[in-house]
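Below: one structure, written as structure tokens.
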Amino acid sequence: MAAPTNFVAFVFLTFSLILAVQARNRHRPNLEYDERQEDGPNYLIGVGRADVTGPAAEVNMMGYANPSQQSTGIHIRQFSRAFVVSDPQNTTRTVFVSVDCAMISQILKIEVVKKLQPLFGNAYNESNVCLSSIHTHSGPAGFLQYILFDVTSLGFVRESFDALVDGIVTSIQRAHDDVVPGDIYLNQGELQEANINRSPTAYLNNPESERAKYDANTDKNMVVLKFLNEQGAGLGMISWFAVHCTSMNNTNGLISGDNKGYASQLFEADMNTGSLAGQGSFVAAFAQSNEGDVSPNTLGPHCQDTGLPCDLETSTCNGKSELCVSPGPGVDMFDSTRIIGHKQYSKAKELYNTAGTQVKLSGPVQFALQFVDMSDVTVHFNSSYSAKTCKPAMGYSFAAGTTDGPGAFDFSQGDTEGNPFWNLVRNIIKQPSAAEVACQAPKPILLPTGEMTFPYAWQPDIVDIQLLRWGQLVVAAVPGEFSTMSGRRLRDSIQRAVVSKGLPEDTEVVVAGLSNTYSDYITTYEEYQVQRYEGASTIYGPHTLAAYQQLYSQLAEDMVLGAAIDVGPSPPNLLSRQLSFLPPVVMDTTPLFTHFGDVIDDAGSTYHTNETVSVRFHSAHPRNNLQTQPETMQRTVRQRRALFHIFSWAHKKIQNFFSDPEEELEGTFLTVERKKDDGTFEVVHNDASWDTKFQWKRTNAIVGHSEATITWTVSPGTPSGTYRIRHFGHSKSLVGKITPFVGSSRQFTVNP
């Protein structure tokens with residue numbers, strides 16, 4: 001038996017080696033393009049999308065820092081959209097990822113890169129991976145590693161963090177696996193009536209000669225990239241436009257990508273005909289830019305009690321910041337989200353389709369990254385004058401909030417004096433040093449976060465600055481929220497730097513906001529003196545922008561020249577030290593003689609266009625299963641991380657060979673289904689759809705009762721027919737067992 005056994009072992013090992021080589025090659029873009037003529041496509045391009053939606057119930061929303069703003073369901077899901085760009089020879093690769101979340105946390109990028117390593121080796125690393133958020137204020141919190149950002153979420157929320165990490169990694173996997181030869185086209189144009197400056201008095205403090213260069217106190221320019229394969233078919237699109245994702249206000253409890261998330265959904269629906277929301281091969285990202293002082297709430301700040309304009313300097317009404325709110329252009333926050341989202345989509349589609357003004361990108365793919373201790377940067381203004389940045393600190397006006405989401409108590413914007421009472425409260429927590437007070441002046445310090453280290457750091461000292469270059473385009477990935485004028489100055493500095501080292505005069509620079517690390521706001525020196533919310537939240541002091549201009553300019557020069565770059569000090573990884581005080585789900589039950597998924601209030605019999613179907617179910621806590629990815633995808637991700645991932649790959653290849661591949665349906669808490677002629681049902685909407693809402697509430701916290709209300713508004717163009725609504729969830733027993741359930745409404749008729 002020894003000889004047959006050895007032969008079987010030899011065959012098995014040979015087969016395993018072949019599979020391993022094939023699996024390794026599968027994660028490399030097709031290199032046949034190397035043989036092509038010089039007039040072929042200029043790049044290798046891949047796009048991918050994945051769900052990153054976090055816990056949809058009883059978790060604080062990130063952005064407004066409002067403890068009472070808890071997640072209560074889903075309006076539209078959050079997604080990660082990845083774009084891999086490589087040179088034709090596949091020697092230099094980059095990936096830009098736009099994520100539907102409030103900001104990118106340092107620990108988030110650290111973990112994403114860490115999880116990419118076993119999948120692709122060093123193909124993706126901290127230097128060539130750029131993660132940028134759209135800055136929605138309607139996503140679950142608790143995914144940052146510094147104390148200040150996790151206070152209102154009761155600490156770190158593992159479900160929020162894992163959903164983001166896994167979804168971002170999956171989107172990059174999908175983009176990597178679909179890399180093809182292609183071209184990138186750049187276009188730009190102005191979008192009007194989609195943003196206003198929410199701190200106009202600070203903007204006016206900039207030099208008049210500088211302001212005279214621009215037509216408005218916000219950037220109206222939209223930059224669009226069109227990604228095509230070598231046959232000219234669309235693969236994807238990135239739009240950069242500066243506007244806060246605060247159309248959904250601080251009373252909202254439904255998870256949403258806000259105006260940019262909706263714009264992505266509209267564009268993708270156009271390009272992926274017949275696909276569900278969040279599905280289809282075409283990927284459209286509406287990325288963030290220098291939106292620090294830019295609001296989508298275009299009606300401007302008014303007093304809620306009188307309807308009169310707020311005080312311009314302080315954004316108060318009768319001395320109270322809570323009453324000063326800037327409404328959006330719609331009848332409510334959902335309508336405002338729709339209007340601002342549609343404006344961005346419409347302009348991006350116009351620029352995408354306008355061939356005459358598009359520039360075809362050509363030239364090298366480059367990237368550069370450096371970690372910098374922003375609490376200790378010396379800025380050299382000239383040979384005889386220099387200044388330094390400061391340890392992080394938050395000013396009084398930070399607590400006043402903004403006209404998008406006001407603060408509380410007696411804080412107001414524009415405060416350069418402070419308050420004896422709040423100074424006393426502050427000193428109980430931590431009194432700032434005299435050096436910090438002097439460095440941050442004229443900011444009155446409310447929280448000296450850079451000097452607060454218990455139980456661990458409150459805000460970052462070390463941040464990463466990063467540049468990506470695709471031909472004539474340079475993407476400046478910035479670790480915070482640059483104001484309008486700050487972004488303009490940074491773009492100009494980088495553009496001058498790259499041109500000085502040989503790049504053409506028409507090189508475009510775009511600011512990708514809230515990328516890789518979050519370090520709050522960056523205003524100009526002049527805006528900082530006014531101490532509006534943005535200035536009070538410029539944590540490294542009045543010379544922060546000048547420091548970034550100096551650092552990015554040097555980094556840009558080094559990137560263009562291919563010079564060696566000192567990566568700098570590594571940021572801390574505080575994941576193992578995170579504290580969480582968010583209570584877990586204990587159990588779910590239903591009232592006597594009922595079951596999970598049973599209908600409480602059913603649908604009616606007939607509906608027409610613009611009418612809303614509503615069904616209420618006995619439900620369970622959404623945190624039991626986030627419904628973020630289908631179980632098959634979750635298994636695939638886990639298996640790929642394992643030592644023997646090659647066998648799962650081979651099994652999937654064999655399955656695909658003998659069957660037609662189906663588009664995977666991402667997880668959902670609901671479906672709207674239409675009855676087909678053969679009596680079966682097809683899904684026409686999921687919980688990522690704009691037309692649906694999934695709303696959850698606890699009805700008895702002691703015994704674990706809860707209800708889910710699912711609504712569907714029949715939009716124009718909906719086919720007539722028979723429909724039903726289904727609800728999907730998972731219940732948790734007292735001993736911790738998780739059990740799936742499904743509920744269904746009655747069948748009803750739609751007659752538009």
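Quick note: residue numbers are just sequence positions, from 1. Values in this document were obtained by computation on a predicted structure and should not be read as measured data.
Outside the 6.0 Å centre-distance limit, the rings of H75 and F694 are not counted as a close aromatic pair. With ring centers used as reference points, W470 lies 6.0 Å or more from Y185. Ring to ring, W690 and Y262 are close: their centroids are under 6.0 angstrom apart. In this structure, F669 has its ring center no closer than 6.0 Å to that of F728.
The side-chain heavy atoms of M237 and E268, taken from C-beta on, include no pair separated by under 4.5 Å.
Atoms CD1 and CZ, from I172 and R81 in turn, are 14.5 Å apart once rounded to the nearest 0.5 Å.
Not a single ring pair (Phe, Tyr, Trp, His ring centres under 6.0 Å) links F241 to another residue, sequence neighbours left out. With sequence neighbours excluded, no residue forms a ring pair (Phe, Tyr, Trp, His ring centres under 6.0 Å) with F143.
Each of R49, R174, M271 was checked for a side chain to side chain contact (heavy atoms under 4.5 Å, CB included) with V283, and the lone residue meeting it is R49.
A cation-pi geometry, defined here as NZ or CZ lying under 6.0 Å from the six-membered ring centre and within 45° of its normal, holds between K349 and F267. Both the sub-6.0 Å distance and the 45° axial angle are not jointly satisfied by R469 relative to the ring of F367.
For the residue pair D270 / Y345, a side-chain donor-acceptor distance below 3.5 Å is found, with atom types taken as modelled.
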